Number of protein chains: 2
Amino acid sequence: MSEEYYTESQKKMARYAKALGHPVRVFIMEYLMKNASRCCYSGDMAEELPIARSTLSQHLSELKDAGLIQGEINAPYIKYCINKENCAEAERLLGQFFKNIDFSNTTTCNSSKIL
Amino acid sequence: MSEEYYTESQKKMARYAKALGHPVRVFIMEYLMKNASRCCYSGDMAEELPIARSTLSQHLSELKDAGLIQGEINAPYIKYCINKENCAEAERLLGQFFKNIDFSNTTTCNSSKIL
DNA sequence: TTCGCATTTCGTATAAATACGAAACAAAGA
DNA sequence: TCTTTGTTTCGTATTTATACGAAATGCGAA
């Protein structure tokens, strides 16, 4: 019944963008990127963030559900790291997306009646 | 009292990403990019989307508040277009962000205990 | 088996996002 | 001035996101 109005790319892009749509989650991603050579645990990040550990855990889950990170059990810790494959896809989708902007055209929206 | 935990880049990135975190808004952005040479009105997009016009208007407002698009009054229409300056910033921020991924390192999270 | 530890899940509260239809608005034209 | 028209704002309902503390979980070590 419900027709498909959005392309797979549009839905995927929105999914990835939504996951990155919170400063805590951007922080987590950058933390994992910077510390990719060593083990990254929830507790390490918790010490640098002003939120409860349960809240951090939820943000980790969101990034995991979106496919941007993955966790590996290293009991009693859980080691987190970037999901490179999906991050590469997100990078590609976003790159393609912005490439469609025509920076040569300067004739639109240059009047004084800008909202 | 509330210390600053997130960088300006992190907050800006999250803001832009959040604005792109819905298929309708990705659709709108791509529509405006593709039709940059001509006028884009709310009604044109409404005809291609399965949502109420008031809902579309709200999504347009979100993109506008995030700085990704702008509107120009062309009564009784409102002409929308990409805000190139801010889109360029978003592109730059996201590009920098993903560039931090170390694709050469393959030693993390390759065990069988992946969550 | 029992304890301790890091982490998540649960329960819950509050705020924000998403959606719709009705009403308001602003400007052009009759 | 009144009407028409495209769009937004308002009022509202529902869902989802964000946050916390308490309790549960899973596992290694004692």
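Quantities reported herein were computed from a predicted structural model and do not represent experimental measurements. Letters A, B, ... mirror the listed sequences (proteins, then strands); counts begin at 1.
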From [atom1] of [X] over to [atom2] of [N], roughly how many Å is that when rounded to an integer?
| X | N | atom1 | atom2 | value |
| --- | --- | --- | --- | --- |
| A:Leu49 | D:dT18 | CG | P | 14 Å |
| B:Ile28 | D:dT7 | CD1 | P | 13 Å |
| A:Glu47 | C:dA6 | CD | P | 10 Å |
| B:Tyr41 | D:dT8 | OH | C1' | 17 Å |
| B:Leu20 | C:dT18 | CG | C1' | 17 Å |
| B:Phe27 | C:dT18 | CZ | P | 17 Å |
| A:Glu62 | C:dT9 | CD | P | 13 Å |
| B:Arg53 | C:dA23 | CZ | P | 18 Å |

Verify the contact: side-chain N or O of [X] to OP1 or OP2 of [N], cut-off strictly under 4.0 Å; return yes or no.
| X | N | value |
| --- | --- | --- |
| A:His59 | D:dA19 | yes |
| B:Ser57 | D:dT8 | yes |
| B:Lys18 | C:dA17 | yes |
| B:His22 | D:dA17 | no |
| B:Ser61 | D:dT8 | no |
| B:Thr55 | C:dC20 | yes |
| A:Arg25 | D:dT18 | yes |

Salt bridge flag under 4.0 Å for residues A:Lys11 and A:Glu4: yes
Gap between atom NZ of A:Lys99 and atom CG of A:Leu94 - 0.5 Å precision: 12.5 Å
Can you see which heavy atom on [X] is nearest to which on [Y], and at what distance?
| X | Y | value |
| --- | --- | --- |
| A:Ile78 | A:Tyr41 | O-CD2, 3.2 Å |
| A:Gly67 | A:Asn86 | O-ND2, 3.0 Å |
| B:Ile82 | B:Cys87 | CG2-SG, 3.5 Å |
| A:Val24 | A:Leu49 | CG1-CD1, 4.3 Å |

Anything under 3.5 Å between a protein N or O and an N or O of nucleotides 10-13 of chain D, put it in a table, one pair a line.
none

Look at the side chain of [X] and decide which nucleotide, out of [options], has an atom nearest to it.
| X | options | answer |
| --- | --- | --- |
| B:Ala52 | C:dA17, C:dG21, C:dT7 | C:dG21 |
| B:Ile78 | D:dT8, C:dT9, C:dT7 | D:dT8 |
| B:Leu60 | D:dT7, D:dT8, D:dT18 | D:dT8 |
| A:Tyr80 | D:dA17, D:dT18, C:dT8 | C:dT8 |

Sugar-phosphate only, base, or nothing, as touched by B:Ile51 at under 4.0 Å among non-hydrogen atoms: sugar-phosphate
Donor-acceptor under 3.5 Å (A:Asn74 side chain, A:Tyr77 main chain): no
Pair A:Tyr5-B:Glu48, side-chain donor/acceptor within less than 3.5 Å: no
